[in-house]
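Input: a single structure, listed below in C-alpha cells.
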Amino acid sequence: ILAKELALPPYLTWMAAVLWLVVGCLRLFLTGGELRPAVLMILLGLTGAASFSSYWYTVETGLADLAEAEGPVSVIGQVLKASSENPCQQRLTVEIKGVVLPEGIRRQLGRAVITQAVGNDELEEFRPGDVILARAQFRRPRRASNPGQFNYAHYLYRRGISVTAFVEGKEAVRRLESHDLLLGNVLSKGSFPRLRAGGMQLFYGADRLRQRLLGVWEESLPFRYRGLLAAMVFGDETGLEEDLEQAFRRTGQAHLLSVSGLHVGFVAGWVWYLGRFLPGGQVIKYLIGMLAAWGYALLAGGNPPVVRAAAALSLYLGAAALGRGHNRLAAAAWAAFLQLWVNPSLLFDISFQLSYGALLGILVLAKPLETRLLPKGGPLGRIWAKAAAPMVLSISAQLAIFPLLSYYFQEISLLGPFIGLIAVPIAGLAVPLALLGSLVGLFVEVQRWLAPILLVLLTLL
C-alpha cells in the first residue's frame, strides 16, 4: 500500500529496506540484545514495498518501446488465454517473446492483450500454447480519469500485462506452424527463450482437457445449463448467460460461480473418501489429495481463490502426513505469502481480497457465532446446530467481507445466508457429479444417465 500510494521507485524502496536492515544489525551487534518486534515489522513492510514497486515497475516498463512505436509492430508470442464473446471477435492474452525487425528478431519479453475483430470473415480460434505472429499498434492501457472509477491499467498490471492492441482482419494474427520458416529462425537462436516450456505445456494440456470435459455434455444438456456447469465446475464463464450471472450475484451466491475453496473442498472430500479403499499408507493418500487439489486448480484456470484453496489444503495435508498439528490461520497466512511472493500486486485484486476476507471471517468469527447463536442442549438442539452450521459459516464470511462488498459493489444480499442453506448443498452434489461424469464420459458414455440428474440440480439452482 505504501509503495502503490506514494508511487515509489524500486531503487528507493530497496535502499530504505537495506538501510533499515543495516541499522537493525548494528543495533543488535552493539547492544547484544534482541531486535524488537516493531523493528522486524518495519523491515517486513519496507521489503514488501520494495517487492511490489519492483514488480510494478517491471510490468509498466517491460514493453514501453512497443507502446512508443509510431506505427504497427510485428511480434511473436505465445497464447496464454483466449476468449470470445461473439463469432466475430476474440481477446487474446499473449506472452510476447520477440519483435520482428528488418534486421532480424529482437528478444522482447512481456504480456499483452490483443483484441481481434474479423468482420464477416471466419474467426480462427486460438488455444493456450499456440505460437502466433501478430502485427498491431500497441498502446498502454487506459488509467482511471475520475476518483473511484475502475482502473483498467491497474487491473492489467496486476496480471502482468503491459500493453493492449486492437487489430482488424483475419491476417493480423496468424498461427505459426512447426514447419514455418519464421518459427524455425526463432527457435534456431540460442538466446531466444523456449516457446513451449514445461509450465506452458501444462496450461496447454489443461485447456485441451477442459474443452474435452465440457464437450461430454454438448448433446446431453441445453446450452444455458452447460454454461452454468462450465462456470461452476471449471471456472469457464464464457458461456454463462448474463441474467444467470446477475441472479447469482444479486442473491449472494456468486461464490458458486468462481471456483474457490468450496469447490476444492468438494473435490478433495470425494477423493479423500474414495482414497480409503486404495492400498498404501496414509502418506500416499495425503499425496493423492494434494495432487487432486492442484490438478483441479490447474484445470479450473489457476485463479487466485482456487490457488489459495489448493495451497492451504496442501499445507493441511502436509502437516497431517508428518503427524503435526494444523494452525488454520497460519496456513492461510502462508498461502497468502506464497501468492504475494510470486505477484505482490495481488494484494489489490478484488478476488484475492474477497477470497481471503471470507476465509478469515470463517476462521475467526464462525466459532464465536456458533457458540452464541446455536443451542447445544438436547437432541433437537444438536440437530438444529448441525442443520444451521452452514448458515453460520456463510454469515461469518459475509460479515468479514461486508466492507469490501459495500465498497466495490455498493450492495449486499440479506437473503444470501438463507439461500446458501439450499444452494451450497445442491452445488456440493452437482460439482463432484459433473466432474466425475466428465472424466468417466471420456471413456464410457454415462452422460445419458447422469444428465437428467444434473439437469434437475442445475434447474433448482
Side-chain angles (χ1 to χ4, degrees), residues 1 3-4 40-41 44-45 47-52 55 158-160 199 202-203 206 234-235 254-272 283 285-367 393-394 396-401 403-405 408 424 431:
I1 294 173
K4 180 176 182 293
L40 296 176
M41 291 298 292
L44 181 64
T47 307
S51 176
F52 171 82
Y55 173 86
R158 288 194 296 269
R159 285 149 182 79
L202 282 177
F203 282 104
F234 301 106
H255 61 282
L256 296 178
L257 301 179
S258 174
V259 178
S260 59
L262 186 68
H263 302 70
V264 174
F266 293 153
V267 174
W270 280 98
V271 170
W272 184 259
V283 175
K285 296 172 184 177
Y286 290 129
L287 289 175
I288 292 175
M290 291 184 192
L291 291 175
W294 284 107
Y296 183 59
L298 183 65
L299 194 63
N303 59 43
V306 73
V307 171
R308 185 267 303 163
L313 182 63
S314 297
L315 290 170
Y316 169 75
L317 294 176
L322 296 173
R324 302 284 297 275
H326 179 66
N327 186 313
R328 295 180 179 180
L329 282 174
W334 272 107
F337 177 81
L338 294 174
Q339 284 187 271
L340 294 175
W341 181 274
V342 176
N343 182 356
S345 65
L346 278 179
L347 184 65
F348 304 99
D349 193 81
I350 297 176
S351 63
F352 183 90
Q353 294 175 9
L354 292 177
S355 175
Y356 278 96
L359 177 62
L360 290 177
I362 292 173
L363 296 180
V364 175
L365 301 176
K367 280 199 173 182
L393 293 179
S394 180
S396 303
Q398 292 290 327
L399 285 175
I401 63 176
L404 296 173
L405 294 175
Y408 288 121
V424 172
V431 170

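In this chain, numbering begins with 1 at the start of the sequence shown.
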If you take all heavy atoms of Ala297 and Ala310, which pair is closest and at what distance?
-> CB-CB, 4.2 Å
Smallest heavy-atom separation, Gly325 atom then Ala319 atom, equals O-CB, 3.6 Å
Nearest 0.5 Å, what's the CG-CH2 distance between Asn327 and Trp334?
-> 12.5 Å
Value rounded to 0.5 Å, distance of CZ in Phe352 from CG in Leu340 = 4.0 Å
Nearest heavy-atom pair of Gly235 and Val259: which atoms, and what distance?
-> N-CG2, 3.3 Å
Whether Asp349 side chain and Arg158 backbone form a donor-acceptor pair below 3.5 Å | no
Residues Ala335 and Ala311: closest non-hydrogen pair is CB-CB, 3.9 Å
Rounded distance (nearest 0.5 Å) linking atom OG of Ser396 with atom CD1 of Ile401 | 11.0 Å
Approximate separation, where rounding is to 0.5 Å, of Leu346 CG and Gln353 CD | 10.5 Å
Flag the pair Leu347 / Phe52 as yes when at least one side-chain heavy-atom distance between them is below 4.5 Å, and no otherwise.
-> no
If you measure from CG on Leu405 to CG on Leu354, what distance do you get to the nearest 0.5 Å?
-> 6.0 Å
Could you walk me through whether Arg308 and Leu359 pass the side chain to side chain contact (heavy atoms under 4.5 Å, CB included) check?
-> CA-CA 10 Å; Arg308 185 267 303 163; Leu359 177 62; 3.8 Å; yes
Do other residues, nucleotides or ligands put more than 12 heavy atoms under 6.0 Å from Arg159 CZ?
-> yes
Neighbour count above 12 (heavy atom, 6.0 Å) for Tyr316 OH = no
Does the Ser51 side chain pair with the main chain of Thr47, one donor and one acceptor, at a distance under 3.5 Å?
-> no
Which atoms form the tightest heavy-atom contact between Ser314 and Trp294, and what is the distance?
-> OG-NE1, 2.7 Å
Sidechain-backbone polar pair: Tyr356 side chain, Ala336 backbone, donor-acceptor under 3.5 Å | yes
Do Leu338 and Val342 have side-chain heavy atoms sitting under 4.5 Å apart?
-> no
Please identify each residue that fulfils ring pair (Phe, Tyr, Trp, His ring centres under 6.0 Å) with Tyr296, with sequence neighbours left out.
-> none
Would you check if Leu317 and Lys285 make a side-chain contact, meaning some heavy-atom pair closer than 4.5 Å?
-> no
Value rounded to 0.5 Å, distance of CG in Leu315 from CZ in Arg324 | 12.0 Å
For the residue pair Leu365 and Leu360, establish whether any side-chain heavy-atom pair is separated by less than 4.5 Å.
-> no
Spell out, as yes or no, whether a donor-acceptor pair under 3.5 Å connects the side chain of Gln339 to the backbone of Pro304.
-> yes
Minimum heavy-atom separation for Tyr55 to Gly160, with atom names?
-> OH-N, 3.3 Å
Crowded around Leu329 CG? As in, over 12 foreign heavy atoms under 6.0 Å?
-> yes
